[in-house]
Amino acid sequence: MFFQKEIETMPRKELERLQLERLRHQVDYCARNVPFYAKRLAEAGVTAEKIKTLSDVKYIPLTTKADIRDNYPYGLFAVPMKEIVRIHASSGTTGKPTVVGYTRNDLDNWSDCVARLIRAVGVDDGDIAQVSFGYGLFTGALGLHYGLEKVGCAVIPVSSGNTEKQAMLLKDFGTTVLISTPSYAMYMSEVAKGMGITRDELKLRIGLFGSEGCTDALRDKIEQGFGLFSTDNYGMSELMGPGVSGECHLRCGLHVNEDHFLPEIIDPETGEPRERGESGELVVTTLTKEGIPLLRYRTKDLTRLNYEPCACGRTFARMDKVRGRSDDMLKIRGVNVFPSQIESVIAAINGIAPHYELILTRQNYTDYLEVRVELTDASLLENYAALDGLRQTVVAKLQTVLGIKAKVTLAAPSSLKRYEGKAKRIIDRRNENPD
Ligand code: DLL
């Protein structure tokens with residue numbers, strides 16, 4: 001199902017013509033309205049007229065999160081404040097937040113982009129959607145909220161937290177669509193189960209999950225727990241929020257809303273463009289943004305783009321599920337490890353719950369990885385032999401996938417931390433006692 005079928009299924013030639021026209025306009029708009037870009041573009045000798053093909057985008061300098069921070073709070077805004085109608089910010093773990101502003105047109109385009117992903121999985125005006133992302137400066141909740149309203153769903157703006165109440169509302173309000181991070185959906189399904197709420201008492205049919213990665217193994221567990229079908233959607237506050245890309249019901253990649261975003265893949269080390277079809281860091285140029293347009297923004301997210309048309313009829317390029325961020329890839333004893341690899345191993349082992357913590361330490365110049373996982377069944381704690389057998393299974397499976405040996409600690413059921421938003425599973429203590 002489509003929200004704007006003509007655009008979503010536009011022949012690629014036509015789409016690329018539209019992108020080129022919008023790219024040239026956006027470059028000119030930035031040069032005229034954002035002093036930072038006027039200087040950057042002049043230094044690189046780039047003007048809108050010089051951009052003749054889409055691949056000429058590579059001549060435009062890359063923009064980074066540091067550029068946004070250096071211009072805190074409003075330095076990269078391209079319009080006077082009276083035209084800004086909304087401000088969001090991403091919290092960031094250190095220092096000042098990254099601030100973004102939206103004009104009325106930006107908000108309208110945003111809700112269109114989000115409405116497309118909502119329709120792509122078959123949600124319609126008969127649905128009741130519970131938004132369990134945090135409302136506030138975070139873009140997740142309000143972004144989905146307005147897209148859902150545009151589709152005509154009944155929106156329950158419950159926000160995140162108070163998980164028992166969330167579970168009660170799922171049942172009492174007859175929620176059919178759940179909107180949250182995958183880790184919060186997992187937690188919510190455990191809480192609902194603990195309250196004696198069964199799958200059959202719920203009307204849930206679809207989950208729209210995003211804002212963090214989710215392996216297929218974890219997705220299966222959530223879907224079984226709730227008896228729903230879910231899709232993954234991707235975005236970031238700097239680019240807009242949710243709505244940059246999302247899966248259709250065929251779940252074979254996330255369709256990038258290419259009429260609003262021009263995606264590229266670069267080598268994260270050198271910044272050089274990669275060939276079509278190669279993996280690397282996603283770089284995105286906004287094509288229609290007025291409040292804070294961004295040229296070649298480095299997302300740090302690692303993925304791959306596929307330009308083959310999808311069987312659903314959409315012609316937009318599809319990005320693979322994000323494999324991780326280039327900055328959360330762990331280098332352990334010289335080996336690259338993605339937390340998603342660990343998640344896919346443990347979520348597929350019987351007797352182990354899909355919750356984990358990774359603790360990194362360093363002794364005698366050597367990195368150590370401890371993986372804390374949780375048992376599903378407390379009775380195992382009394383059976384030493386079974387417990388050790390399970391632990392060794394986890395150690396062996398992790399070693400096969402990661403290529404390094406990790407210490408595995410089995411924790412009691414429900415003892416690891418749960419998350420109401422994005423999960424934070426890595427505790428890196430390697431710099432606490434540097435050698
Ligand atoms: O997380 C926007 C969003 C909200 C997307 C709700 C989807 C649903 P930020 O807080 O700025 O924005 O975080 C952006 O989160 O660079 C990725 O690293 C990660 N991320 C977002 N969606 C996904 C996803 C929102 N589907 C950062 N899979 C991005 C993996 C994701 N990572």
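Both ligands and their constituent atoms are indexed starting at 1 by order of listing.
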Taking non-hydrogen atoms within less than 4.0 Å of ligand 1, which protein residues qualify? Phe133, Phe138, Thr139, Gly140, Gly210, Ser211, Glu212, Gly213, Asp232, Asn233, Tyr234, Gly235, Met236, Ser237, Glu238, Gly241, Pro242, Asp301, Val322, Arg325, Lys422
Holding to ring-ring contact (aromatic ring centres under 6.0 Å, His included), I want the full list of residues that pass it with Tyr146, two or more places apart in sequence or in another chain. none
Sorted by chain and number, sequence neighbours left out, ring-ring contact (aromatic ring centres under 6.0 Å, His included) with Phe138 holds for Phe133
Identified side-chain contact (heavy atoms from CB on, under 4.5 Å) partner of Ser344 from the options Thr215, Leu218, Asp216: Thr215
Taking the basic N atoms (NZ, or NE/NH1/NH2) and the acidic carboxylate oxygens, is any pair closer than 4.0 Å for Arg418 and Glu374? yes
All pairs passing salt bridge (Lys or Arg N to Asp or Glu O under 4.0 Å) where residues 229-242 contributes a residue, at least two apart: Lys65-Glu238, Asp232-Lys321
Taking the six-membered ring for Trp, are the ring centroids of Tyr102 and His88 within less than 6.0 Å of each other? yes
